[in-house]
J.: 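The following block contains the structure, expressed as structure tokens.
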Amino acid sequence: MVKIVKESVIKQVLALQSKSTAELKELWRSIFDTDAPPHSKTYLIPRLAYRLQELAYGPMAEKSAKQLDNLANQIEKGKKFTNHYMASKPLAGTKLIREFQGDLHEVLVSENGFIYQGQSYKSLSAIARKITGTRWNGPAFFGLRNNKKA
């Protein structure tokens, strides 16, 4: 079994691209303790990268792992996908400002959601509901959707 050092895992992952298929299969044997499957570099590299990171940082949550497996399967089948949440969520640090019934409302986008009036929220819709008292699509309410007007 190969010893994985956290400080060097990024370098090891980046170096996978420059390795030959034979070298990748040898690495596979050393970190999985089994023969590599008879697939191309395209198949081996992401799985080796994941395993190197897993050995260095620990396993991923089961729910997240299942989602990634589903996405990887879609990509391998040539399907395109869009993460609608991330496509509509601004970068952390962005301030959203919305006037509603004469009052100005400011929301700060954080890494884990949104902050409104000092409280953390997981969704913009929850904040829009708090402001209006009715159910709203949060991204539409804050003007993040082009096809809907708030």
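Only this structure's heavy atoms are used, side chains among them; waters, hydrogens and symmetry mates stay out. Since the structure is predicted, the reported quantities are computational estimates derived from the model, not experimental observations.
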J.: I'd like to know if the side chain of Glu26 reaches the main chain of Ala22, judged simply by a donor and an acceptor atom lying under 3.5 Å from each other, with no hydrogens or angles considered.
T.: no
J.: Can you find a pair of side-chain heavy atoms, one from Thr21 and one from Ser40, that are under 4.5 Å apart?
T.: no
J.: Is any side-chain heavy atom of Leu27 closer than 4.5 Å to one of Glu23?
T.: no
J.: If we check side-chain contact (heavy atoms from CB on, under 4.5 Å) with His105, which of these qualifies: Thr132, Ile97, Ile131, Leu96?
T.: Ile131
J.: How far apart are the closest heavy atoms of Ser125 and Gly138, and which atoms are they?
T.: OG-N, 2.8 Å
J.: If hydrophobic clusters are built from ILVMFWY residues whose side chains come within less than 4.5 Å, do Val109 and Ile115 share one?
T.: no
J.: Compare every heavy atom of Ala128 with every heavy atom of Trp136, then report the nearest pair and how far apart it is.
T.: CB-CB, 3.6 Å
J.: If two hydrophobic side chains count as joined below 4.5 Å and joins carry through other members, does Val13 share a cluster with Leu48?
T.: yes
J.: Does Arg47 qualify as a cation-pi partner of Tyr43, given the criterion of NZ or CZ under 6.0 Å from the six-membered ring centre and within 45 degrees of its axis?
T.: yes
J.: Taking the side chain as everything from C-beta on, heavy atoms only, tell me whether Gln119 gets closer than 4.5 Å to Lys130.
T.: yes
J.: Tell me if a side-chain donor or acceptor on Lys25 pairs with a main-chain N or O of Asp35 at a distance below 3.5 Å.
T.: no
J.: Of all the heavy-atom pairs spanning Asn137 and Pro139, show the shortest one and how long it is.
T.: OD1-CD, 3.0 Å
J.: State the CD1-OH distance between Ile127 and Tyr116, to the nearest 0.5 angstrom.
T.: 8.0 Å
J.: Would the distance check show the side chain of Arg98 and the main-chain N or O of Phe141 forming a donor-acceptor pair, the cut-off being under 3.5 Å?
T.: yes
J.: Under a 4.5 Å cut-off applied to non-hydrogen side-chain atoms, are Pro46 and Leu16 in contact?
T.: no
J.: Starting at CG of Asn70, measure out to NZ of Lys66 and round the result to the nearest 0.5 Å.
T.: 9.0 Å
J.: Has Ser123 got a side-chain atom pairing as donor or acceptor with Ala126's backbone, closer than 3.5 angstrom?
T.: yes
J.: Please tell me whether Leu108 and Leu124 are part of a single hydrophobic cluster in this structure, the criterion being side-chain heavy atoms less than 4.5 Å apart.
T.: no
J.: A side-chain contact here means heavy atoms from C-beta on lying under 4.5 Å apart; do Met60 and Tyr50 qualify?
T.: yes
J.: Under the 3.5 angstrom rule, does the side chain of Lys41 hit a backbone N or O of Lys19 as a donor-acceptor pair?
T.: yes
J.: Assigning hydrophobic clusters by single linkage (Ile, Leu, Val, Met, Phe, Trp, Tyr; side-chain heavy-atom cutoff under 4.5 Å), is Leu14 placed with Tyr57?
T.: yes
J.: Are any non-hydrogen side-chain atoms of Ile45 and Gln17 less than 4.5 angstrom apart?
T.: yes
